[in-house]
Participant: 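Okay, here's the structure, questions in a sec.
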Amino acid sequence: MARLLSSMVVRAMTSSSNSTRVAFGSSYLKQMKYSTKANADSGVNADLPTSGFASSGTYPTRITSDPDTHEDFQPTNKNTGISILDIVQQDVKENPVMIYMKGLPDAPRCGFSALAVKVLQQYGVPIRARDILGDLKLKESVKAYTNWPTFPQVFIKGEFVGGSDIVLNMHQKGELKDMLADITHNGNQGRE
């Protein structure tokens, strides 16, 4: 399939302008198949959603392996058996100060995230963070975990505290100092 496409593009580019229109016109679309009938032999994942495709009886095709594609570009299975929600729970449990934010503490990509990091950095505690911008599933899992719609989301000692406005308010009232007092610089909670 990839060879067919590349040879058509090369032919279209090297021939006259009339051929170019034909190569990218209706005859080109007839040669390319973007959807197929769903059946066991089609290579289409049976678990794909059917909404929006019911009237045509076709489903989006997922190419599981194309012999013309180099192995570096073949799809890989990265399923480790751990859900993203499990990762969120583990992050919150293992890190005394955890923040899900837009960007990272060294390079925040949102003013609210930058504010939360600046407030937390005043206490000299280690801050663990995850960037939610690059991972929509992580973003949605964190929202589901806290039932809180906005970011950043700050957790201290396994407890969801809130966003930058709440962290700032706690800082101004002195509550944040008390909450962070027993967290040592190496990231562990101090012993009482």
Side-chain angles (χ1 to χ4, degrees), residues 44-53 59-65 69 71-192:
V44 175
N45 292 344
D47 60 341
L48 289 174
T50 58
S51 64
F53 302 102
Y59 303 91
T61 301
R62 262 192 211 168
I63 301 172
T64 54
S65 62
T69 303
E71 67 183 33
D72 289 346
F73 300 104
Q74 291 286 339
T76 59
N77 185 2
K78 295 181 181 180
N79 188 359
T80 60
I82 299 174
S83 73
I84 295 178
L85 191 57
D86 291 337
I87 292 171
V88 171
Q89 290 172 339
Q90 185 177 354
D91 282 348
V92 169
K93 180 182 173 187
E94 293 179 358
N95 298 296
V97 179
M98 183 70 199
I99 181 170
Y100 291 93
M101 60 183 285
K102 295 177 181 177
L104 293 171
D106 293 339
R109 296 183 61 193
C110 145
F112 296 111
S113 294
L115 175 62
V117 168
K118 284 200 179 285
V119 169
L120 292 168
Q121 285 176 338
Q122 290 184 6
Y123 294 94
V125 294
I127 301 168
R128 293 293 310 228
R130 285 197 190 260
D131 182 358
I132 55 100
L133 289 176
D135 192 345
L136 183 60
K137 288 181 182 179
L138 174 65
K139 181 179 179 180
E140 294 305 317
S141 293
V142 173
K143 282 182 178 182
Y145 184 75
T146 60
N147 199 23
W148 190 265
T150 60
F151 288 90
Q153 294 191 15
V154 179
F155 295 84
I156 298 175
K157 299 179 195 171
E159 179 185 339
F160 175 59
V161 175
S164 59
D165 55 342
I166 295 172
V167 170
L168 179 60
N169 190 17
M170 290 176 70
H171 167 68
Q172 291 169 340
K173 290 181 178 179
E175 296 169 355
L176 195 57
K177 181 178 181 179
D178 296 337
M179 190 176 247
L180 297 172
D182 64 342
I183 298 175
T184 62
H185 191 51
N186 66 5
N188 297 322
Q189 293 179 14
R191 298 178 192 236
E192 296 177 318

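Note that the structure is predicted; figures quoted are calculated from it, not measured. Values below: every heavy atom of this structure, side chains too, minus hydrogens, waters and symmetry copies.
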Participant: Ion pair present between Asp135 and Arg130, side-chain N to carboxylate O less than 4.0 angstrom?
Facilitator: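 Judged by the 4.0 Å cut-off on N to carboxylate O distance, Asp135 and Arg130 do not form a salt bridge.
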Participant: Mind listing the closest non-hydrogen atom pair of Tyr100 and Ile87 along with its distance?
Facilitator: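 Heavy atoms only, the tightest pair is OH-O, 4.4 Å.
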Participant: Looking at every heavy atom in both Pro126 and Val97, which two are closest together, and how far apart are they?
Facilitator: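 So the two residues come closest at O-CB, 3.5 Å.
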Participant: Roughly how far, to the nearest 0.5 Å, is the NZ atom of Lys118 from the OG atom of Ser113?
Facilitator: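 Here the rounded value is 13.0 Å.
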Participant: Looking at every non-hydrogen atom in both residues, tell me the closest pair between Pro105 and Ile127 and how far apart they are.
Facilitator: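 Here Pro105 and Ile127 meet closest at CG-CG2, 4.4 Å.
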Participant: Below 4.5 Å, heavy atoms only, C-beta onward: do Ile166 and Val154 meet side chain to side chain?
Facilitator: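 Heavy-atom side-chain distance check fails, nothing below 4.5 Å.
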Participant: Considering all heavy atoms of both residues, which atom of Glu94 and which atom of Pro96 are nearest to each other, and what is their separation?
Facilitator: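 Minimum heavy-atom separation between Glu94 and Pro96: O-CD, 3.8 Å.
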Participant: Using every non-hydrogen atom in the two residues, find where Ile132 and Lys102 come nearest and quote the distance to one decimal.
Facilitator: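 Reported closest heavy-atom pair: CD1-CG, 3.9 Å.
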Participant: Look up atom CG in Leu85 and atom CG in Leu138, then write down how far apart they are to the nearest 0.5 Å.
Facilitator: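 Rounded to the nearest 0.5 Å, the CG-CG separation comes out at 10.5 Å.
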Participant: How many angstroms lie between atom NZ of Lys93 and atom CE of Met98, to the nearest 0.5 angstrom?
Facilitator: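 Result: 15.0 Å between the selected atoms.
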Participant: Take atom NZ in Lys143; do more than 12 heavy atoms of anything else shown fall under 6.0 Å from it?
Facilitator: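 Yes - once you tally the heavy atoms of other residues, nucleotides and ligands closer than 6.0 Å, there are more than 12.
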Participant: Does any part of the side chain of Val161, heavy atoms only, come nearer than 4.5 Å to the side chain of Met179, both counted from C-beta?
Facilitator: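 Yes - at least one pair of side-chain heavy atoms lies under 4.5 Å apart.
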Participant: Nearest heavy-atom pair of Ser141 and Ile84: which atoms, and what distance?
Facilitator: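 That would be OG-CG2, 3.4 Å.
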Participant: Does a side-chain heavy-atom distance below 4.5 Å link Tyr145 with Val92?
Facilitator: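 They are in contact (side-chain heavy atoms under 4.5 Å apart), so the answer is yes.
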Participant: Atom CZ in Arg128, atom CD1 in Ile99: separation rounded to 0.5 Å?
Facilitator: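 One finds 13.0 Å between CZ of Arg128 and CD1 of Ile99.
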Participant: Kindly check if the number of other-residue, nucleotide or ligand heavy atoms within 6.0 Å of CG (Asn147) is above 12?
Facilitator: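 Not buried by this count: 12 neighbours or fewer within 6.0 Å.
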Participant: Please work out which of the three classes, parallel, tilted or perpendicular, describes the rings of Phe160 and Trp148, given edges at 30° and 60°.
Facilitator: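 Perpendicular, since the angle between the ring planes exceeds 60°.
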Participant: For Leu176 and Ile156, run side-chain contact (heavy atoms from CB on, under 4.5 Å): C-alpha distance rounded to whole Å, both residues' side-chain angles, the deciding distance at 0.1 Å, then the answer.
Facilitator: CA-CA 10 Å; Leu176 195 57; Ile156 298 175; 3.5 Å; yes
Participant: Within the structure provided, determine whether Leu180 and Leu120 are in side-chain contact (heavy-atom separation under 4.5 Å).
Facilitator: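 Leu180 reaches Leu120 side chain to side chain.
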Participant: Please evaluate residues Met170 and Val119 with respect to the criterion side-chain contact (heavy atoms from CB on, under 4.5 Å), reporting the C-alpha separation (whole Å), side-chain torsions for both, the decisive distance (0.1 Å), and the verdict.
Facilitator: CA-CA 10 Å; Met170 290 176 70; Val119 169; over 6 Å; no
Participant: Would you say Phe112 has more than 12 foreign heavy atoms packed within less than 6.0 Å of its CZ?
Facilitator: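 Open.
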Participant: Roughly how far apart are Leu104 CG and Arg109 CZ, rounded to 0.5 Å?
Facilitator: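 Here the rounded value is 9.5 Å.
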Participant: Please lay out, stage by stage, how Phe155 and Thr146 fare under the test side-chain contact (heavy atoms from CB on, under 4.5 Å).
Facilitator: CA-CA 10 Å; Phe155 295 84; Thr146 60; 3.3 Å; yes
Participant: Could you state the interatomic distance from NZ (Lys177) to NE2 (His171), rounded to the nearest 0.5 Å?
Facilitator: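 If I round to the nearest 0.5 Å, the distance is 10.5 Å.
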